[in-house]
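Worksheet: the structure to be examined is printed underneath.
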Amino acid sequence: MPKDGHGSSSPLVEVQFEGQKRRTAAIPQNLNPVWNERLVFSVSDTGDLPYSSIDVAVYNDLGKVRIPAAGVPAPGEHAFPQLFPLEKRSLFSHIRGEISLKIYEEDFALKETRPRLAGEGFSSDRDRTSRTYDLVEQMQYLYVRVVRARELGTTAGGETRVEVKLGNYRGMTRPSAAQHWDQSFAFSSDTIQSSTVEIIVKERVDDFIGRLGFDLSEVPRRVPPDSTLAPQWYRLDDRNGVKGKAEIMASVWFGTQADEAFSESWHSRAAGVNSDMLGSIQSKVYVAPKLWYLRVSVIEAQDLLPGEKRFPELFVKAQIGNHVLRTPTAAFMQSRNPSSPFWNEDLLFVIAEPFDEHLLVTVEDRLGQGHSEPLGRVVIPISAVERRLNEQPAVSRWFGLERARLVSRVQLGLCLEGGYHVLDEMTMYSSDLRPPAKQLWLPHIGVLELGILCATGLVPVKLREANGGTTDAYCVAKYGQKWIRTRTVIDSFSPKWNEQYTWEVFDPCTVITIGVFDNDVRIGKVRIRLSTLQTDRVYAHVYPLLTLHPAGLKKMGDLHLAIRFSCANAGNMLQSYMRPLLPKMHYLEPLLVRQVENLRYQATNVVAARLGRAEPPLGREVVEYMLDHGSHLWSMRKSRANFFRLVAVLSTPIAVGRWAESIRSWKRPVISALVSLAVLMFVIFPDMILPAVFCGIAMTGLWNYRSRPKNPPHMDTRMSSAEAIYGDELDEELDSFPTSRSADVVRMRYDRLRSVAGRVQKVVGDLGTQGERAQALLSWRDQRATFLFVVFCISAAAVFYAVPVRAMAAGLVVYVMRPPRFRSRLPSPLMNFFRRLPAKADCLL
């Protein structure tokens, strides 16, 4: 009904649930408004949901309705829009109308599952593949391998092809004039619709040459590690069923996904895919290039001759491929001739092995805005640059400049930094912390095994005319230099992969990232921190795939994974907690924050370019999503989440302060009297203070062992502030950089704000991470770290009890005040241990 006196209204909807209030945008001057907005509410206790209600009000005073939450569909059930009549505000109100709502419940929690893994309960007579593929469900396949043919009697130069037919499923080889195909076909056991598999040889498309049939009851079963079944020559039957001279070499057998032919085979689930496109949907393993830092130290130049009679503005430009870095303009020095400038600047590049590129160094004179004159250049092959593994400075050399007017030269210090770890992802999500130089690598401490089982409930990603929405999903997992890609399951909302992969682990405080995609469209991502996993235990869970869309937080489906972290030597793994998190060069000659951000951007581009040249290629969007490219940009949602993380960390000391104040106020006389007596005892016996403190901390850690986390952490939507995000904030977060929302002046100011705010956001997040690491000491989130800390506390309690406090205090003062020559620039073992503790940063969306 009209409300504004002009025959119209500008309604908005306010929804309240369990004290949470959300509002839609106002639709101006419309009696039939359409919002199509998604409001998300958190449910504190699902058991109380049937007794709760949802209050919906349409403003201004256009009606209201109360909806019982007992009829809300459960997670996984389909929900339909419903019409609800609006109740009048008062008895004499003439306002009326209806509102259409779609109410449903989504479960964003991590769930433990019990899949029928191949390795569970195997005995001596069980398939030997279960010992290798024991984290996935065993899938049976019928394999047909077609190698070549002879005596077909075709015309000269005629192309022949082979069709493999099993029921309604047909696979076709590539056409070949040499009658050589060597192609395999895999039919899933649930697609077998016939008792016979046929191999039909054709010339061109429909010209029949001969056929061969196999009875499936006579097909042998192969169990790896048995050798590959040898193909044999079979004579083909003509149209009348009479065997002729034509022969074909083929083999047929039953096997599982552990078979070597699995990854290269044509699959029955991909029956509609062209044979030329089969390579783009097959599972592959990629090895990312090994990245190095190239340091170019530009020191000085001599005998330069600028073109104009003025004071020159000289700078050096270094270029590798499409990446260009420049030094600042050389400063004026009275002791030096203007033709011999001095810079002493370091330029850092990210390059990948093999070093087949060249470094181009050019000395230029800036003539004006955007204009410069080259005075000379030098081209240096990167393969000839020396490698530096420690803090010893690189030897500088003089290089003559080409195309210079005089015999000009420039002094450069060049080295490949083998002691730094090249960061291509954020440190808190990093999967590998080793330097590129193999001489500095330590032996691996364990093995990580990942079983990618299946996905369920995927949403349609693209449209097809035949069946509407569909999804062609595949998984990408990244840990260290090894990237894996599962096969693409065509046209399925519940794809089954059942593929298992293995990585060597060199550091337990690392993260594996698994993403689900359709072509280059992101569906969701999962991160698992290895330090939160118990060794030699299989974790089988369902991970919700959550992404942010312009309409808000959206669940794209569920990913079923099984993961196991095995360790052969627990001592080496516990010792790794005391080592520096990064290679020592990061502490001896640390990089600036702005350098790290720029180098990470370079590293992402290098990795994306190299993986994009593989076959099948990994798209740039996939690589950037897996490496969290752009995560440093400003976001109001992330800033709010980091702020509340910091507030949660500070809540503990605040609570302790309030408790102490309550003791001082004698609100509970008995407790206050006991605390006062304990303080008097510690004053009389000061030697008991530190032993009692460490014993108390150790006992708290042992007590918390009962409530230790049973499952690995996952993205928390409430902690990520993703449940109640406003449309304008979400539009800002999903906006590109630079922005494309407004005019040039607004764009410049907007980008500057986001760049500055991104640094502030990072600082706030780091503060929250340090506090969460302190909380992780006793939470058993990383059980090995908590075990080490509890042992340390018990040992410290014994030491402080045995050694007098005055002696310990004197020793501490001597240790802190020791001369610099007796100190190490590397962080202490306690600091290394603290930096390896897990934080809740990997739970953020």
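Using a 4.5 Å heavy-atom cutoff, the side chains of Asn605 and Arg620 are in contact. Proximity of Tyr59 to Val13: side-chain heavy atoms (C-beta onward) are nowhere separated by under 4.5 Å. Between Leu548 and Glu733, the closest side-chain pair of non-hydrogen atoms falls below 4.5 Å. The shortest distance between side-chain heavy atoms of His714 and Pro544 falls below 4.5 Å. Residues Arg637 and Ser721 meet the side-chain proximity criterion, which asks for heavy atoms closer than 4.5 Å. Annotation: side chain of Ile514 is in contact with side chain of Leu559 (closest heavy-atom distance under 4.5 Å).
Crowding of Lys525 atom NZ: a count of heavy atoms from other residues, nucleotides or ligands under 6.0 Å exceeding 12. Within a 6.0 Å sphere centred on NZ of Lys555, other residues, nucleotides and ligands contribute more than 12 heavy atoms. In this structure, Phe84 places its CZ atom where more than 12 heavy-atom neighbours from other residues, nucleotides or ligands lie under 6.0 Å away. Other residues, nucleotides and ligands contribute at most 12 non-hydrogen atoms within 6.0 Å of the CG atom of Asn322. Annotation: Phe643, atom CZ; neighbour count of heavy atoms from other residues, nucleotides and ligands within 6.0 Å does not exceed 12.
With Asp716 contributing its side chain and Met719 its backbone, the two residues share a donor-acceptor pair below 3.5 Å. Remark: side-chain polar atoms of Ser430 are not paired, donor with acceptor, to backbone N or O of Val511 under 3.5 angstrom. In this structure a side-chain-to-backbone donor-acceptor pair under 3.5 Å is missing from Glu14 to Val58. Side-chain atoms of Trp780 never come within 3.5 Å of backbone atoms of Pro709 as a donor-acceptor pair (strictly under, hydrogens ignored). Judged by distance alone, with hydrogens and angles left aside, the side-chain atoms of Asn642 form a donor-acceptor pair with the main-chain N or O of Lys638 at under 3.5 Å. A donor-acceptor pair under 3.5 Å is formed between the side chain of Arg781 and the backbone N or O of Ala839. Using a distance-only test at 3.5 Å, with no hydrogens or angles considered, a donor-acceptor pair links the side chain of Tyr474 to the main chain of Asn519. Judged purely by atom type and a 3.5 angstrom limit, Arg610 has no side-chain atom pairing as donor or acceptor with the backbone of Ala288.
Side chains of Thr113 and His560: a donor-acceptor N/O pair is absent below 3.5 angstrom, by distance only. In summary, the side chains of Asn832 and Arg835 do not present any donor paired with an acceptor at a separation below 3.5 Å, with no hydrogens or angles considered. Ser431 and Lys478 share a side-chain donor-acceptor pair at under 3.5 Å. Counted by atom type alone, Gln602 and His323 present one or more donor-acceptor pairs between their side chains at under 3.5 Å. Looking only at atom types and distance, the side chain of Glu772 has no donor-acceptor partner in the side chain of Gln770 under 3.5 Å away. With no hydrogens or angles considered, no side-chain donor-acceptor pair links Gln761 and Ser635 at under 3.5 Å. Using modelled atom types and a 3.5 Å distance limit, the side chains of Arg485 and Thr488 yield a donor-acceptor pair. At a cut-off of 3.5 Å, with distance as the only test, a side-chain donor of Thr510 or Tyr479 sits close to an acceptor on the other residue. A side-chain donor from one of Thr547 and His549 sits under 3.5 Å from a side-chain acceptor of the other. A side-chain donor from one of Ser42 and Gln20 sits under 3.5 Å from a side-chain acceptor of the other. Under the 3.5 Å distance criterion, with hydrogens and angles disregarded, a donor-acceptor pair is assigned to the side chains of Asp782 and Tyr577.
We find that Arg522 and Asp518 are not joined by a salt bridge, their nearest charged nitrogen and carboxylate oxygen being 4.0 Å or further apart. A salt bridge links Arg66 with Asp55: at least one charged nitrogen is closer than 4.0 Å to a carboxylate oxygen. In summary, Asp472 and Lys462 engage in a salt bridge, as defined by a charged side-chain N under 4.0 Å from a carboxylate O.
The two residues Gly480 and Asp432 make their nearest non-hydrogen contact at CA-CB, 3.7 Å. What you find for Leu450 and Ala477 is that their closest heavy atoms are CD2-CB, 4.0 Å. Contact record, Thr532 with Pro713: OG1-CD, 3.5 Å, taken as the closest heavy-atom pair. Leu591 and Val596 make their closest contact through CB-CG2, 3.9 Å (heavy atoms, listed as atom of the first residue, atom of the second, distance). Pairing each heavy atom of Ile523 with each of Ala473, the nearest pair is CD1-CB, 4.5 Å. Here the closest heavy-atom approach between residue Ala603 and residue Val422 is recorded as CB-CG1, 4.1 Å.
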Going through the checks in order, is the salt bridge (charged side-chain N to carboxylate O under 4.0 Å, His left out) test met by Arg529 and Asp842?
-> CA-CA 8 Å; Arg529 183 173 293 275; Asp842 46 329; 3.3 Å; yes
Stepwise side-chain contact (heavy atoms from CB on, under 4.5 Å) test for Leu83 and Ile99 | CA-CA 6 Å; Leu83 280 176; Ile99 186 170; over 6 Å; no
Step-by-step salt bridge (charged side-chain N to carboxylate O under 4.0 Å, His left out) determination, Asp507 to Arg434 | CA-CA 9 Å; Asp507 195 314; Arg434 295 174 296 166; over 6 Å; no
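Between Phe789 and Phe833, the angle of the ring planes stays under 30°, which puts this pair in the parallel group of the 30/60° scheme.
Rounded to the nearest 0.5 angstrom, Asp628 CG and Thr604 OG1 are separated by 9.5 Å. The line from OG1 of Thr427 to CG of Leu582 is 6.0 Å long, rounded to the nearest 0.5 Å. Between the CG atom of Asp346 and the CG atom of Leu325 there is a distance of 11.5 Å, given to the nearest 0.5 Å. Remark: Asn704 CG to Gln775 CD distance equals 11.0 Å, nearest 0.5 Å.
Under the 6.0 Å cut-off for aromatic ring centres, Phe565 and Tyr539 do not qualify, their centroids lying 6.0 Å or more apart. Aromatic rings of Tyr601 and His629 (six-membered ring for Trp) have centroids within the 6.0 Å cut-off, being under it.
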